[in-house]
Amino acid sequence: PFERFFPEALARVHEVLGNHAEAYQAMKRAYYMAGHDRELLDELSEMATRSQDLKAAIYYRRQIISQNEEGATPEN
């Protein structure tokens, strides 16, 4: 978890400063360093949207949907 700390913190600083593209890139590093953490995936998708990288935002949203479908159980 410590490995992802620096890029995740850097992403949050960039986000506060309004540097959306830099925030997205830093969060992307944190996400892949964290082993595809679900919580970071949600943030990564949002940051991709704010940085105007709609192709990436759609890609990450699809991953979220896929994870939700995998975790779903059929109702009796």
Side-chain angles (χ1 to χ4, degrees):
F2 181 74
E3 297 84 25
R4 82 175 204 201
F5 173 76
F6 179 72
E8 185 178 351
L10 186 60
R12 296 188 195 293
V13 169
H14 280 302
E15 188 70 17
V16 168
L17 295 174
N19 302 328
H20 302 298
E22 292 88 350
Y24 165 63
Q25 291 301 321
M27 186 57 75
K28 190 170 159 182
R29 282 190 298 279
Y31 171 71
Y32 286 107
M33 291 172 82
H36 306 319
D37 182 275
R38 171 58 195 264
E39 186 176 305
L40 291 182
L41 180 59
D42 290 334
E43 289 186 68
L44 182 58
S45 176
E46 291 297 322
M47 287 184 177
T49 300
R50 284 192 291 274
S51 72
Q52 302 299 309
D53 189 341
L54 300 182
K55 185 176 179 180
I58 291 169
Y59 171 78
Y60 294 120
R61 283 291 170 198
R62 285 183 176 163
Q63 284 190 333
I64 292 168
I65 291 167
S66 175
Q67 287 179 5
N68 288 341
E69 288 174 352
E70 289 173 8
T73 58
E75 295 181 8
N76 295 358

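If you're wondering where the values come from, they're calculated on a predicted model, not measured in any experiment.
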The complete set of salt bridge (charged side-chain N to carboxylate O under 4.0 Å, His left out) pairs with one or both residues in residues 13-23, sequence neighbours excluded, reads E15-R50
Find the distance between OG (S51) and NZ (K28) and round it off to the nearest 0.5 Å.
-> 9.5 Å
Selection residues 31-40 - residue pairs positive for salt bridge (charged side-chain N to carboxylate O under 4.0 Å, His left out), sequence neighbours left out | R4-D37, R38-D42
Spell out, yes or no, whether L41 and M27 are grouped together once hydrophobic residues are joined by side-chain heavy atoms under 4.5 Å, including indirect joins.
-> yes
How would you list all residue pairs meeting ring-ring contact (aromatic ring centres under 6.0 Å, His included) that involve residues 16-57, not counting sequence neighbours?
-> Y31-H36, Y32-H36
Atom pair CD (Q25) and CG (D53), whose distance is rounded to the nearest 0.5 Å = 8.0 Å
Non-neighbouring partners of R29 that pass salt bridge (Lys or Arg N to Asp or Glu O under 4.0 Å), sequence neighbours left out | none
Indicate every side-chain donor-acceptor pair of residues 54-64 with a distance under 3.5 Å to a residue at least two apart or in another chain.
{"unit_1": "Y59", "atom_1": "OH", "unit_2": "Q63", "atom_2": "NE2", "d": "2.9"}
{"unit_1": "R61", "atom_1": "NE", "unit_2": "S45", "atom_2": "OG", "d": "2.9"}
{"unit_1": "R61", "atom_1": "NH2", "unit_2": "E46", "atom_2": "OE2", "d": "2.2"}

Taking only residues two or more places apart in sequence or in another chain, which ones pass side-chain hydrogen bond (donor to acceptor under 3.5 Å, both in side chains) with R12?
-> E8, E43
Do you know which two heavy atoms are closest between A30 and P7, and how far apart they sit?
-> N-CB, 3.9 Å
Applying the 4.5 Å side-chain criterion to the ILVMFWY set and letting contacts propagate, would M47 and L10 be lumped into a single cluster?
-> no
